[in-house]
Amino acid sequence: MKFLTLLALMCCCFPLRGQAMHLTRPRPKPLDSSVTWNDLFMMTKHAQMEDTDHETRLLPLISEVMLKQENSCCINTMILNYYLKHILHADDHVDKKYPHIHFVRSDLQRIAHILKPHCESSDYADDMHVKEFETNYKTASEHDYEKTRNKAVGETIILFHYLFESCNARM
């Protein structure tokens, strides 16, 4: 009888697993590292100095209220995954152009790795903020890939701020 009660309880709670994953989400250490912030600042400052288009923004504007919502960490993690795959991936041109990118890339990969098990739902990948960023980046890249990539590198500090604000540990 105790086994059946335990089994029934587990079955009832199992569907909530995706919704309750935030309960055990850790806070990635690089988010609180002054070294990471300094490396990120040096990399993005270099990119921002080359950016002449101050009217365009690739990352969506996410309000402070939205950053406090439970799903915002995973939404920003999905954008981070896109960054790591399409913008900050290792290549000779990018590695030579931006100071400290090796360190920043490594720290961002650690953050993505730590948060991955908590943000695997396809709902996050289909979020309007993720789609808006991907659309903005792809559209701008069609006109001038290098300028768009440089702008995205310059906006990495905004994404990092979003992650810093939204990815708090959940107990």
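In this text, all values refer to a predicted model and were calculated from it rather than measured experimentally. Reckoned from all heavy atoms, side chains included, excluding hydrogens, waters and symmetry mates.
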**Request:** Could you give me the CA-CA distance, side-chain angles and deciding distance for Lys29 and Arg110, then say whether side chain to side chain contact (heavy atoms under 4.5 Å, CB included) is met?
**Result:** CA-CA 9 Å; Lys29 291 192 186 314; Arg110 281 179 47 210; 4.2 Å; yes

**Item:** From CA spacing to verdict: side chain to side chain contact (heavy atoms under 4.5 Å, CB included), Glu120, Lys116
**Value:** CA-CA 6 Å; Glu120 289 186 328; Lys116 182 179 180 179; 3.5 Å; yes

**Request:** Report the C-alpha separation of Phe164 and Asp32 in whole Å, then their side-chain angles, then the decisive distance to 0.1 Å, and conclude whether the side chain to side chain contact (heavy atoms under 4.5 Å, CB included) test is met.
**Result:** CA-CA 8 Å; Phe164 177 84; Asp32 297 316; 3.4 Å; yes

**Chi angles and distances behind the side chain to side chain contact (heavy atoms under 4.5 Å, CB included) call for Asp126, Val130** = CA-CA 7 Å; Asp126 293 334; Val130 176; over 6 Å; no

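Residues Ala47 and Tyr98 share a closest heavy-atom pair of CB-CE2, 3.6 Å. Contact detail for Pro28 and Leu115: the closest heavy-atom pair is CG-CG, 3.9 Å. For Leu84 against Ala112, the heavy-atom pair with the smallest separation is CD1-CB, 3.8 Å.
No side-chain heavy atom of Ser166 sits under 4.5 Å from any side-chain heavy atom of Lys68. Looking at heavy atoms from C-beta onward, Gln109 lies out of side-chain contact with His113 at the 4.5 angstrom threshold. Looking at heavy atoms from C-beta onward, Leu67 lies in side-chain contact with Asn76 at the 4.5 angstrom threshold. Between Val104 and Thr36, every side-chain heavy-atom pair lies at or beyond the 4.5 Å cut-off.
Partners of Met66 according to the side-chain contact (heavy atoms from CB on, under 4.5 Å) rule, which considers only residues two or more places apart in sequence or in another chain, are Ile62, Ser63, Gln69, His129. Not counting sequence neighbours, the partners of His86 by the ring pair (Phe, Tyr, Trp, His ring centres under 6.0 Å) test are Tyr82.
A distance-only check finds a donor-acceptor pair linking the side chain of Thr139 to the backbone of Thr135 [under 3.5 Å]. Between the Thr148 side chain and the Ala140 main chain, a donor and an acceptor come within less than 3.5 Å of each other. With Thr156 contributing its side chain and Val153 its backbone, the two residues share a donor-acceptor pair below 3.5 Å. Side chain of Tyr83 to backbone of Ala152: a donor-acceptor contact under 3.5 angstrom is found.
Asn150 contributes atom CG, which lies 6.0 Å from atom CG of Asp51 (distance to the nearest 0.5 angstrom). The distance from atom CD of Glu134 to atom CG of Leu58, rounded to the nearest 0.5 Å, is 12.5 Å. Rounding to the nearest 0.5 Å gives a distance of 10.5 Å between CD of Glu155 and CD1 of Ile79. The OG atom of Ser33 sits 9.0 Å away from the CD1 atom of Ile111 when rounded to the nearest 0.5 Å. Considering CD1 of Ile75 and CG of Asp127, their distance stands at 3.5 Å, rounded to 0.5 Å. The distance from the CG atom of Leu31 to the CH2 atom of Trp37 is 8.0 Å, given to the nearest 0.5 Å.
Cluster membership for Leu163 and Phe103, using ILVMFWY side-chain heavy atoms within less than 4.5 angstrom, is not shared. In this structure, Leu80 is not a member of the same hydrophobic cluster as Ile114, with clusters built from ILVMFWY side-chain heavy atoms closer than 4.5 Å. Cluster membership for Tyr145 and Val94, using ILVMFWY side-chain heavy atoms within less than 4.5 angstrom, is shared. Residues Tyr137 and Leu61 fall within the same hydrophobic cluster, defined by Ile, Leu, Val, Met, Phe, Trp and Tyr side chains chained together at heavy-atom separations under 4.5 Å.
Among Met43, Gln48, Lys45, the one residue that satisfies the side-chain contact (heavy atoms from CB on, under 4.5 Å) test with Ile157 is Gln48.
When only modelled atom types and interatomic distance are considered, Thr56 and Asp53 share a side-chain donor-acceptor pair under 3.5 Å.
Taking the six-membered ring for Trp, Phe160 and Phe41 have ring centres at least 6.0 Å apart.
Applying the salt bridge (charged side-chain N to carboxylate O under 4.0 Å, His left out) test to residues at least two apart or on different chains, the pairs with a partner in residues 89-98 are Glu50-Lys97, Asp91-Arg149, Asp95-Arg105.
Phe133 does not carry Arg57 over the face of its six-membered ring by the limits of under 6.0 Å from the centre and within 45° of the normal.
Sulfur-sulfur distance for Cys73 and Cys167: below 2.5 Å, consistent with a disulfide.
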